[in-house]
Every structure is written in structure tokens, then in C-alpha cells.
Protein chains: 2
Amino acid sequence: MARIFWVEDQSHWIDKFKQVLEESAFDGSANELSIFKFAEAAQQKIALTDECKRPDIALLDARINGRDEGGLSVFNALMRKWPDLPVLFLSEHSGTELEKVALEHHALDFISKHQRNVDEVLCWRIKAALRQRDVRQTASGAEKDRVLASGDLRIDIDNWEAYWKGRKLMNPANAKRPLAPTPRKILRCLVERSPRPVTTNQIAEHLGLDPDTYAHATYRQHVKTLRTAIDRADGGNGVFLQQCQNGFGIATCREDGAYCWKRCSYSESK
Amino acid sequence: MARIFWVEDQSHWIDKFKQVLEESAFDGSANELSIFKFAEAAQQKIALTDECKRPDIALLDARINGRDEGGLSVFNALMRKWPDLPVLFLSEHSGTELEKVALEHHALDFISKHQRNVDEVLCWRIKAALRQRDVRQTASGAEKDRVLASGDLRIDIDNWEAYWKGRKLMNPANAKRPLAPTPRKILRCLVERSPRPVTTNQIAEHLGLDPDTYAHATYRQHVKTLRTAIDRADGGNGVFLQQCQNGFGIATCREDGAYCWKRCSYSESK
DNA sequence: GCCGCTGTTCACAAGTTTTTCACGGCGCTT
DNA sequence: AAGCGCCGTGAAAAACTTGTGAACAGCGGC
């Protein structure tokens, strides 16, 4: 369920979008809408909202109750409280100074109400914004404790399974078996420290082994396993391996023989 | 200067936007446009482009040469090579399936060509996209990452990467690879001691090497590497090298065989 | 004991990085 | 003007890293 914070002063627009916003499954279930028809009411709500009830996304009409600054004032209040909240403006006045100012103030998007197929466009953009947020913050609120996510990768801390684009990472040596424990631990360690590099010694420590005996060759071997496993889950066409060479994914740092998880977020076409 | 990678098959759109794209000061100076009228040409260029010439942003027509998948195929190629490159679609077909698919594939934006004031809107959105990239780069783990900055140079202490005007410093010997470790360490040392000169012995000490065996010739060689690396990131036109001769950047201290980082911010305001 | 699995080690080729060498140029001194 | 020392440079040698396949050891189940 996504919490949507929505400011819109004109009833007919509310009527037009309400249903589609409530029912679109942005993340699998119906959404919780908070609608405000006045900037002041919205401001007050922002001030009073607990962190645990924070919205996932905000939609603002740029012009509220006839005042151009209405949307911007709410926007600023939102930004002060939740600097990384994705905010989309929704306005009849695209292509004007209003849009320029909104974008300059780091609004995520500015959607024209007058366009073909607006309600669908709106949903697509909300979905994109939410996904971008997920990618940016490594973990999404609800699952925070049990899931570690970074781009297309998802590690379930409880049962120690890892997924790439929803596909479970398997053992390259035997596609029917899950990824072996040590590589999984290494992957977790890499993701947790990202974007910082992880040296052989740190891995040894993390695995509870003696850093003096834990050879770098072993680490390299596990990294190889991981890279191939992800590549297999990715389609097995070597795209991921190539990305590793370009410094994304499990990148080589050439510094103390360290590797580094660099999130690469994009989805392969279907 | 921003490097813009632009795919557009219709000349009249090129004519319409070319000037404004070239001249808008997204980051203080004129831009470098690479325009492609065919998907294939664009693909080829992507494959052949060195890391140091990587574009800052891409603009794609969604429908190229009559094929819906044209834009998307270029998009995928771009993403494979540079997963974090901001890509904006620019299309006559907003509100259609094309827009949906593009947004689902993590395109940053999808701009309708048919709207009031398109050229300005386009610029605003490009500016917003570039700023977002900068923010992401500087703020990825903002609190935790220690960053050393001096003028246009930024050294990320944690993951050991260095940027000049937002572009990553690459290895001059092989533009696809990052700057080698030793030059990076030397650069850091120079910047940290700036504006005091750093002698060969100090470098040897900093690198944990025996000052007696560490030859000055080696130091000179690394300095050369650094200067070329920065120059490449600067556009590769020798301007930075010139500045070094004039005593800015990595200056030579005639006195005692030392080099010295002299901050030079000749890039105008932002 | 035998089997299958995992984690570790070794050896080696390919590729990178660092160091060395040789030379031309510049400025200063003799 | 010749000599000297030092800087910048290109190329080549030397040293090191990384990725990889194959072999080996340990372990638990049967």
C-alpha cells in the first residue's frame, strides 16, 4: 500500500483521479489517499504527521485557491520534513514559469493535466517515482528489517535467499541448487557496505575467519561464483559480467584486492 | 560543458532543438552534442565510446525510423554501458504504451514534443536531470562518505574515486579503466597538503615505500599520468596542461623537486 | 566406505600498473 | 658556447593483479 499525499483544490479533478489513484496497485495493494483542498490544511497535516505515517509520495496542484505560490509553499513544507519524499506536481499550467520553478526546486516531475490519457500517465509516473525511490533508498520501509535491497538485487535476511530481478540466485555449479552459503554472506557484506569497497581482510573478519589464513584466492573464487550466479539470473548472456568490467555490479577496485557493490538499476527488456 | 547524446531521426526536430541545446548553459558553458539519425549509428557509437567521453545525459526519440522499438533498443544499449546515465525520452507519442514502457524501463522522463513552450521545458528538465545526477553522486551516502574537494576536483575518500567537474578521472593509458591506485593516492596527498609543495620523499612516505629506493622519475611519471587524466576529463584539449605550466593545477615547484596542488577554478559560475 | 557438495588452494595466462631507461629541451652557471 | 642539472616524455622492461580451470580436502549423509 502506498500512502499518497494529495493537494488539489478543484473537486472535478479530485473526482477524475480519485478512483484510479485509490485502486492502482503501485506496490501490490490499494492505496491510502490523504486529500487536501487547502494549502493550510495540508501544511498542518505535514506538521502533525508522525514519521511512521509518512507518505510515500505527494501530488501537488501547482496553483491552489488561485495563488501561484500555494503549491510551492506546501512543497517547501514537505521538503523540510521529508527531504527525500518524491513530489509530483500536477497542473493545468505546464510549460510556464510555474513548471520551471517547480523543477528548479527539485520537484520530481510536473505533469500536465491536459493531455491524452492523463490518468494512466499519472499512474505510470507515480509508479516510476516510487520505484526510483526504492532504488535510491536501499530498503523500503515495511520490509526494512528482513530485506536488503539494492537496485535489482534483493536479499532476504531471514531465509538467506537472494533475488535478482525477482529471480532467485542459483548455484552456477549446479543450477538446481541454491547459491552456497559463503558466497551469499559475501554478497550481503558487499551490499551492506556499498558503495564502499570491501577488502579480503574485511571479508575474513565478516566470515569469522582468521585474516592471516584466509587467502585472497578464495575471495576471488567466491566473487566469480557470485558474478556468474547473477549473470545467470539475468539471462546468462554476459551483460552483467560486462557491467562488472565497466565498474557496476560487483566491481573490482584494484586497491588492496577489494571488490565493491555498485548498484546498477535498470531492467532488461522482456 | 555537458555532453548530450541525442538520437532523433527527423531533421525538423533537430533543427528546432539544436540551437537551444547547444547554447543552454546547463553547467556554465556550451554543450557538446552528438546527434544520431539512426539507431544503428547510435548503438555503434555507444560501443566505441570511451569512459572519459561518456555522455552526461541522453535524449532519445522513442520512435526511430518508423520502428517503435528503435528508441528502446538504444536505451538498453546505453543502460548496459552506463547504468546510471540519465536518459530522457522525447516523443510525439506521449500518453501511449510507448511512454509506459519507457518509464517502466527506468527512463528518467518522457517529454511530449507537442506542448506549449517545448524547447524551454526540455531545458528545464535536462537541467533537473543533471542536477539530480549531481546530487546523487555527491550525496550517495552523504553523511557517511568523506569527500575531499578543491575547486573542480572532488576526491571520494571512501571509495577512492576522483572526479573533475563531475566527470570521473580515468586512466590515460586505457580510457575505459579508472585511474590507477598510485596516481590516485598521489593526487590525494597533493590536495591534502595544498597549497604546500610535496616532495618525492614525502610521497614515498605517504605510499609506505622506502624513500631511498623510490625514484624521482617514478614520481614524475605519476604526475604526468595525473595531469593527462585531469586534462582528459576536462575535454582533452590541453587547457589543463597549459594551466599546469602556468603554475595552476598540478604545478611544478622548481625549488626542491616537488609538486604542488594549486586550486584553479576557471570554470565559471554554475 | 562412497558420494555429492562446499570451500580452499595452485598454477598460469592475460592484462594492468609501476618502474626504469634514454633522450630532447630549457634555464642557469661557468 | 659548453656544461650541468632538472623536467617532461615515450617506450620498454619488470612487477604485480585478476580471472579461471582443475585439483584437492573436509564434511555429512547414507
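Treat the numbers as computed from the prediction; the structure is a model and nothing was measured. Naming: A, B, ... by sequence-line order, numbering from 1 per chain.
- For Tyr214(B) and dT20(C), the OH to P distance is 10 Å, given to the nearest whole Å.
- Between Thr200(B) and His216(B), the side chains place a donor N or O and an acceptor N or O closer than 3.5 Å (distance only, hydrogens not considered).
- For the pair Leu226(B) CG and dC7(D) P, the computed distance is 17 Å after rounding to whole Å.
- One atom, NZ of Lys185(A), and another, C1' of dG7(C), lie 11 Å apart when rounded to the nearest Å.
- Comparing the axis of the opening five pairs of the helix from dG1(C)-dC30(D) to dT30(C)-dA1(D) with that of the closing five pairs yields an angle of 30°, rounded to 10°.
- One can place OH of Tyr219(B) at 18 Å from C1' of dT9(D), the figure rounded to the nearest angstrom.
- We find that CG of Leu209(A) is positioned 17 Å from P of dT6(C), with the value rounded to whole Å.
- Distance, Gln245(A) CD to dT18(D) P: 13 Å, rounded to whole Å.
- Between Val239(A) and Asp234(A), some side-chain heavy-atom pair lies under the 4.5 Å cut-off.
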### Task
Would you sort out whether Asp156(A) and Lys168(A) count as a salt bridge (charged side-chain N to carboxylate O under 4.0 Å, His left out), showing the intermediate values?
CA-CA 11 Å; Asp156(A) 190 321; Lys168(A) 188 166 162 187; over 6 Å; no
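- Residues passing the side chain to side chain contact (heavy atoms under 4.5 Å, CB included) test with Arg196(B), sequence neighbours excluded: none.
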### Query
So Phe248(A) and Trp82(B), ring-ring contact (aromatic ring centres under 6.0 Å, His included) or not? Walk me through it.
CA-CA 8 Å; Phe248(A) 296 97; Trp82(B) 301 296; 9.4 Å; no
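- In this structure, Arg184(A) atom CZ and dG7(C) atom P are separated by 9 Å, rounded to whole Å.
- Each of dG19(D), dC7(D), dT6(C) was ranked by its minimum atom distance to the side chain of His216(B); first place goes to dC7(D).
- What you find for Arg3(B) and Asp56(B) is that their closest heavy atoms are N-OD2, 2.6 Å.
- Note on Arg227(B): a side-chain N or O is less than 4.0 Å away from OP1 or OP2 of dG8(D).
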### Stepwise side-chain contact (heavy atoms from CB on, under 4.5 Å) test for Met79(B) and Phe75(B)
CA-CA 6 Å; Met79(B) 280 321 205; Phe75(B) 178 78; 3.8 Å; yes
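- There is no side-chain donor-acceptor pair under 3.5 Å between Gln221(A) and Tyr219(A).
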### Task
Classify every nucleotide of nucleotides 21-30 of chain D by which part a protein heavy atom approaches to under 4.0 Å, writing B for the base, S for the sugar-phosphate alone and - for neither, in 5'-to-3' order.
BB--------
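- The stretch residues 247-260 of chain A touches DNA chain C through Arg254(A), each having a heavy atom under 4.0 angstrom from the strand.
- Qualifying side chain to side chain contact (heavy atoms under 4.5 Å, CB included) partners for Gln202(A), counting only residues two or more places apart in sequence or in other chains: Arg193(A), Val198(A), Thr199(A).
- Residue Asn171(A) has no polar side-chain atom (N or O) positioned under 4.0 Å from OP1 or OP2 of dC5(C).
- Looking at residues 173-183 of chain B, you'll see that no heavy atom sits under 4.0 Å from any atom of DNA chain D.
- Using a 4.0 Å heavy-atom distance criterion, Ile186(A) is classed as making no nucleic acid contact.
- Residues Ile203(B) and Cys189(B) have side chains in contact (heavy-atom distance under 4.5 Å, counting atoms from C-beta outward).
- Cation-pi geometry between Arg154(A) and Tyr163(A) is not met: the NZ or CZ atom fails to fall both under 6.0 Å from the ring centre and inside 45° of the normal.
- Side-chain N/O atoms of Ser150(B) and Trp261(B) include a donor and acceptor closer than 3.5 Å.
- At a threshold of 4.0 Å, the pair Lys53(B)-Glu32(B) does not count as salt-bridged, since none of the basic side-chain nitrogens sits closer than that to a carboxylate oxygen.
- Whole-Å rounding puts the Leu207(A) CG to dT6(C) C1' distance at 13 Å.
- For Arg220(B), no side-chain nitrogen or oxygen approaches OP1 or OP2 of dT19(C) to under 4.0 Å.
- Lys100(B) places no side-chain N or O within donor-acceptor distance of the main-chain N or O of Trp124(A), the cut-off being under 3.5 Å.
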